[in-house]
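The next block holds one structure in the form of structure tokens; read it before the comments.
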Amino acid sequence: LLANLLCEPLVAPITIIGLVATLFFWCQPIGSALFWLASVIAWPIPKIATVLAGLPMATMPWRADGVGIFLAVILLVATVSLIYSRNIANRNISALMVAILLASSFGIVVNQFVRTSLWPISDWQVASCDVGQGDATVIRDGGSIALVDVGRDEKKIDDCLSKLGILQIDLLVLTHFDADHVNGLSGALQNRSVTQAIVTSYQDERPGADFTRFQLAARAISTVQAETGMNGALGSVRWKVLSPSRTAIEAEDSNDGSVTMLFQFSNFQLITLADLGEKGQMRLASSLGSWYRDTSSPLVMKVSHHGSADQYPEFIEWLKPKLALISVGKNNGYGHPTRQTLTALSRAGATLLRTDLLGSISLKNQDGEFEVSYTGSS
């Protein structure tokens, strides 16, 4: 409402100037000047909308299914009846219905606000940003930060990193060049510096891959190609690249060539599987003994490909993850996560943590027990 009130006075001059400009089709310089003037007046509109939309509790959640439509119709009818009905009893009933519906919605907003204020958990070590149908996993040890993928939406990843208080990214991993993993890059780089980036060695010639490389080069970010066995440290956390190889010759497609990694904390491990499918997981399983040696330390798994059916169930059963992070969009059109994958994870004894149900998730392991907080699904 406030955005509309602030923008409404601008509509008339923009419309009038725009109409006048069309009359000068025979004189392009005058027409262009008038259109430019109209654009200057219009400039504040998206700024106002963006700023106000980003404020806490700027929107009120409402169900998008048939129940939501039914309740919206009842609210509309009750509101009209409240305004126009002359019967006192009808007006009282309508007022009561409007109050109940609005109070319920307000309660949802307050619950969302309170839950969000408790996120992230203090001293968090791993966070899964709710970026919709995409991936964005943040790893922290003290002041050292790694970010694995950035999702599709610039604003969502920027908002998540801002709420996590991240201004410096020590290690940026772009597992492969699918849009839902790299298109949010400019949002992740917004007002932040990056020390080093790792990208897949799979030779992807799609425009999105070229543009991602261009963005990294434009920011002068030191970038290397991943290869099996590459390793390093993030604070006291040790990390290792599990796939692909230096040439990624084994990869059949970009998903198969996505970067998978193991992060070893002092009291647990995290495996990030990007979009690696069944064949790639079978390759990892065949060399399990070379990289998965500390089987006594609990494992957190960032489940591959948003929980798609393209998994190797035996691989999941061998790893026996304690927690399974599934980064997936709500009501996505792909059927993710699939029942087959959820069943395999449950059989392995994993506790499921889904961004489509929980929103952004943060966790830590303290005294051998995992603590989790989440924002709540929007």
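Note that the numbering runs from 1 along the sequence shown for the chain. The structure displayed is predicted, hence computed values, not measured ones.
When all heavy atoms of Gly329 and Asn332 are compared, the pair lying nearest together is O-ND2, 2.8 Å. Taking both residues in full, the closest heavy atoms of Ile48 and Ala3 are given as CG2-CA, 4.1 Å, listed atom of the first, atom of the second, then distance. The shortest non-hydrogen separation linking Leu34 to Ile17 is O-CG2, 3.2 Å. Across all their heavy atoms, Ile361 and Gly359 have their closest contact at CG1-O, 3.4 Å. Across all their heavy atoms, Arg354 and Asp356 have their closest contact at NH2-OD2, 2.7 Å. Scanning both residues, Ile271 and Phe315, for their nearest heavy atoms gives CD1-CZ, 4.4 Å.
Judged by distance alone, the side chains of Asp275 and Ser258 never bring a donor and an acceptor atom under 3.5 Å apart. Side chains of Glu250 and Ser245: a donor on one and an acceptor on the other come within 3.5 Å. Checking Gln281 against Gln311 by side-chain atom types alone, a donor-acceptor pair falls below 3.5 Å. Counted by atom type alone, Ser373 and Ser362 present one or more donor-acceptor pairs between their side chains at under 3.5 Å. Side-chain atoms of Thr343 and Ser346 form no donor-acceptor pair, as typed in the model, at a separation below 3.5 Å. Side-chain contact annotation: Ser128 with Thr137, donor-acceptor N/O pair under 3.5 Å absent. Residues Gln168 and Ser193 have side chains that bring a donor and an acceptor to within less than 3.5 angstrom of each other.
Using a 4.0 Å cut-off between charged nitrogen and carboxylate oxygen, Arg206 and Asp178 count as a salt-bridge pair. The pair Lys330-Asp130 does not meet the salt-bridge criterion, since no charged nitrogen lies less than 4.0 angstrom from a carboxylate oxygen. Using a cutoff of 4.0 Å between basic side-chain nitrogens and carboxylate oxygens, Lys279 and Glu252 are scored as salt-bridged.
Both Ile221 and Val199 belong to a single network of hydrophobic side chains, linked directly or stepwise wherever heavy atoms of I, L, V, M, F, W or Y lie under 4.5 Å apart. Under a hydrophobic-cluster definition in which Ile, Leu, Val, Met, Phe, Trp and Tyr are linked whenever side-chain heavy atoms come within less than 4.5 Å, directly or via other members, Phe177 and Val150 are assigned to the same cluster.
With rounding to the nearest 0.5 Å, the separation of OG in Ser287 from CE in Met282 is 12.5 Å. Note that the CD atom of Gln225 and the OG1 atom of Thr247 stand 10.0 Å from one another [nearest 0.5 Å].
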Criterion salt bridge (Lys or Arg N to Asp or Glu O under 4.0 Å) on Asp256 and Arg283, from CA distance to verdict: CA-CA 10 Å; Asp256 200 19; Arg283 290 195 299 270; 2.7 Å; yes

Residues Trp239, Leu262; criterion side chain to side chain contact (heavy atoms under 4.5 Å, CB included); working and verdict: CA-CA 6 Å; Trp239 58 262; Leu262 182 70; over 6 Å; no

Steps toward side chain to side chain contact (heavy atoms under 4.5 Å, CB included) verdict (Val126, Leu325): CA-CA 10 Å; Val126 179; Leu325 291 171; 4.0 Å; yes

Test side chain to side chain contact (heavy atoms under 4.5 Å, CB included) applied to Trp124 and Leu164, step by step: CA-CA 9 Å; Trp124 62 273; Leu164 291 172; 3.9 Å; yes

Step-by-step salt bridge (Lys or Arg N to Asp or Glu O under 4.0 Å) determination, Arg192 to Asp158: CA-CA 10 Å; Arg192 298 179 187 89; Asp158 184 28; 2.9 Å; yes

Steps toward side chain to side chain contact (heavy atoms under 4.5 Å, CB included) verdict (Val148, Ile139): CA-CA 8 Å; Val148 182; Ile139 299 100; 3.8 Å; yes

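A donor-acceptor pair is defined here as one N or O able to donate and one able to accept, closer than 3.5 Å; such a pair exists between the side chain of Gln203 and the backbone of Ser201. Ser308 places a side-chain N or O within 3.5 Å of a backbone atom of Asp310 that can act as its donor or acceptor partner.
At most 12 heavy atoms of other shown residues, nucleotides or ligands fall within 6.0 angstrom of atom CH2 in Trp36. Atom CD1 of Ile249 has 12 or fewer heavy atoms from other residues, nucleotides or ligands within 6.0 Å.
Proximity of His306 to Asp180: side-chain heavy atoms (C-beta onward) are separated by under 4.5 Å at one or more points. By the 4.5 Å heavy-atom criterion applied to side chains, Lys322 and Val300 are not counted as neighbours. Proximity of Thr200 to Thr175: side-chain heavy atoms (C-beta onward) are nowhere separated by under 4.5 Å. For the pair Tyr292 and Leu284, the minimum side-chain heavy-atom distance is 4.5 Å or more. Considering only heavy atoms from C-beta on, Leu171 comes within 4.5 Å of Ile198 through its side chain. Under the 4.5 Å side-chain criterion, counting only non-hydrogen atoms from C-beta, Leu323 is in contact with Leu363. Between Thr212 and Leu185 there is a side-chain heavy-atom pair separated by less than 4.5 Å. A heavy-atom distance below 4.5 Å is not found between the side chains of Lys163 and Pro120.
The aromatic rings of His181 and His176 are tilted relative to each other, their planes meeting at an angle between 30° and 60°. Between Trp26 and Phe24, the ring planes are tilted. Angles from 30° to 60° get that label.
With Val194 as the partner, the side-chain contact (heavy atoms from CB on, under 4.5 Å) test is satisfied by one option alone out of Leu216, Asp170, Thr223, Leu172: Leu172.
Between Phe268 and Phe370, the ring center distance clears the sub-6.0 Å criterion.
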